[in-house]
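The structure appears below as structure tokens.
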Amino acid sequence: MQTLTFSHLNTQSCQRTREVTIYLTIPESYRQEPIVTQLVNRYRLQVNILAATLGSNGGQGQFKLTLIGQSEAIKDALAYLEELQVTIVLDQESDGW
């Protein structure tokens with residue numbers, strides 16, 4: 001695994017459907033926010049939740065997600081997550097990222 005920086009993103013073939021697996025750590029302050037729903041609705045991504053751990057009585061949440069969609073949409077979604085200061089780690093075995 002590696003910490004995600006946007007220099008790792010391949011922006012060529014923006015119309016190509018891509019698949020990327022990421023690990024997210026979402027702060028407790030966003031516990032009531034529909035972050036995954038935003039990925040689906042705003043960026044038109046398919047999101048597969050592979051694993052999730054939520055802190056009892058609040059706390060941060062950790063997710064392993066596969067995002068499927070257009071390259072540019074995935075890039076924009078990752079920028080959105082970064083703006084929220086969500087910790088993003090890219091799975092090394094993702095599709096060409």
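In this chain, numbering begins with 1 at the start of the sequence shown.
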Determine the minimum heavy-atom distance between [X] and [Y], stating which atoms define it.
X     : Y     : value
Leu54 : Gly61 : CD2-CA, 3.8 Å
Pro27 : Val86 : CD-CG2, 4.3 Å
Gly69 : Leu45 : CA-CD2, 3.8 Å

What I'd like to find out is whether the side chain of [X] reaches to under 4.5 Å of the side chain of [Y], using heavy atoms alone.
X     : Y     : result
Leu81 : Leu39 : yes
Ser71 : Arg18 : yes
Thr66 : Leu50 : yes
Val40 : Gln46 : no

Exercise. Spell out, yes or no, whether Ile68 and Val47 are grouped together once hydrophobic residues are joined by side-chain heavy atoms under 4.5 Å, including indirect joins.
Key: no
Quiz item: Any chain of hydrophobic side-chain contacts (each under 4.5 Å) joining Leu78 to Tyr30?
Solution: yes
Measuring from [X]:[atom1] to [Y]:[atom2], what's the distance to the nearest 0.5 Å?
X     : Y     : atom1 : atom2 : result
Thr87 : Glu82 : OG1   : CD    : 10.5 Å
Glu19 : Asn48 : CD    : CG    : 8.5 Å
Lys64 : Thr21 : NZ    : OG1   : 6.5 Å
Gln62 : Thr53 : CD    : OG1   : 6.0 Å
Phe63 : Ile26 : CZ    : CD1   : 4.5 Å

Quiz item: What's the verdict on side-chain contact (heavy atoms from CB on, under 4.5 Å) for Ile22 and Val89, showing C-alpha distance, side-chain angles and the deciding distance?
Solution: CA-CA 6 Å; Ile22 59 173; Val89 177; over 6 Å; no
Self-check item: Aromatic ring proximity, centroids under 6.0 angstrom, Tyr80 and Tyr43
Solution: yes
Quiz item: What do you reckon, is CZ of Arg42 surrounded by more than 12 foreign heavy atoms closer than 6.0 Å?
Solution: yes
Quiz prompt | Over 12 foreign heavy atoms within 6.0 Å of CD, Glu33 | solution = yes
Exercise. Might you work through the side-chain contact (heavy atoms from CB on, under 4.5 Å) test for Leu84 and Ile35, ending with a clear yes or no?
Key: CA-CA 9 Å; Leu84 296 178; Ile35 292 174; 4.0 Å; yes
